[in-house]
Amino acid sequence: MPLDILLVLILRTLVEVAGFALLGQGVLALLAGKYREDNIFYRTLRIVASPAVRAVRFVTPRFILDAHVPFLTFFLLFWLWVSLAIVKRHLCGLHGLAC
């Protein structure tokens, strides 16, 4: 497998993990309510998703509320995932592979 396709696959997998962690964190927040911070699974998912959330917080302006940053992070991760899928398809076509 060519190196460029492998790097795109690795990046896409990391984006998927962070996106699913944010999605799971949101579902657990709905189920657990105000006791979500006591839930070990919620805290684990928060730890997994925190690098992506911190990166988005770093690049967003201060007038965006901290409560909205996870939603923005999920939105950006989704579009990054779609973009990486398009890039992967293009690279597979360039190399003549059926990916």
Side-chain angles (χ1 to χ4, degrees):
M1 177 176 295
L3 182 64
D4 51 355
I5 296 175
L6 181 65
L7 290 176
V8 169
L9 284 174
I10 291 170
L11 283 174
R12 194 162 181 234
T13 303
L14 290 174
V15 168
E16 284 178 4
V17 168
F20 280 127
L22 279 171
L23 191 63
Q25 192 177 355
V27 169
L28 276 174
L30 289 175
L31 292 174
K34 65 181 180 178
Y35 300 109
R36 65 179 171 248
E37 292 297 328
D38 297 334
N39 191 325
I40 186 80
F41 299 110
Y42 180 84
R43 287 186 288 173
T44 303
L45 291 173
R46 189 180 63 198
I47 290 169
V48 170
S50 67
V53 174
R54 277 189 270 140
V56 171
R57 176 76 265 176
F58 181 74
V59 298
T60 54
R62 284 285 136 201
F63 65 84
I64 294 179
L65 300 175
D66 286 338
H68 297 160
V69 173
F71 296 112
L72 180 61
T73 304
F74 185 77
F75 177 76
L76 291 174
L77 284 174
F78 173 75
W79 286 111
L80 181 61
W81 181 78
V82 170
S83 300
L84 287 171
I86 293 169
V87 168
K88 177 187 158 207
R89 183 178 173 107
H90 177 73
L91 289 174
C92 286
L94 285 177
H95 291 290
L97 299 172
C99 298

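Numbering of residues begins at 1 and proceeds along the displayed sequence.
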>> Is there a side-chain contact between Leu91 and Leu94 in this structure, where contact means two heavy atoms from C-beta onward sitting under 4.5 Å apart?
In response: yes
>> Do Leu76 and Leu80 make a side-chain contact, defined as non-hydrogen atoms from C-beta onward lying under 4.5 Å apart?
In response: no
Exercise: identify the closest heavy-atom pair between [X] and [Y]:
X     : Y     : value
Ala49 : Ala18 : CB-O, 4.3 Å
Leu97 : Pro2  : CD1-CD, 3.8 Å
Leu72 : Ile64 : CD2-CD1, 4.4 Å
Trp81 : Val15 : CB-CG1, 3.8 Å

> Quick one: CZ on Arg43 to CG on Asp38, what's the gap to the nearest 0.5 Å?
Replying inline: 7.0 Å
Please answer: with hydrophobic residues joined when any side-chain heavy atoms are less than 4.5 Å apart, are [X] and [Y] in the same cluster?
X     : Y     : result
Leu77 : Val48 : no
Val53 : Ile47 : no
Val69 : Phe20 : yes
Val56 : Phe71 : no
Leu11 : Phe75 : yes

> Of Thr13, Leu3, Val87, which is the lone residue that meets side chain to side chain contact (heavy atoms under 4.5 Å, CB included) with Val8?
Replying inline: Val87
> In chain order, what residues pass the side chain to side chain contact (heavy atoms under 4.5 Å, CB included) check against Val82, with sequence neighbours excluded?
Replying inline: Phe78, Trp79, Ile86
Please, which pairs that meet salt bridge (Lys or Arg N to Asp or Glu O under 4.0 Å) have at least one residue in [range], sequence neighbours excluded?
range          : answer
residues 74-87 : none
residues 46-67 : Glu37-Arg46, Arg57-Asp66
residues 72-94 : none

> side chain to side chain donor-acceptor pair (under 3.5 Å) with His95: which residues, sequence neighbours excluded?
Replying inline: Asp4
>> Is there a side-chain contact (heavy atoms from CB on, under 4.5 Å) between Leu9 and Met1? Walk through the geometry before answering.
In response: CA-CA 11 Å; Leu9 284 174; Met1 177 176 295; 3.7 Å; yes
>> My understanding is that a hydrophobic cluster links ILVMFWY residues whose side chain heavy atoms are under 4.5 Å apart, including indirect links. Using that, what else belongs to the cluster containing Leu28?
In response: Ile40, Phe41, Tyr42, Leu45
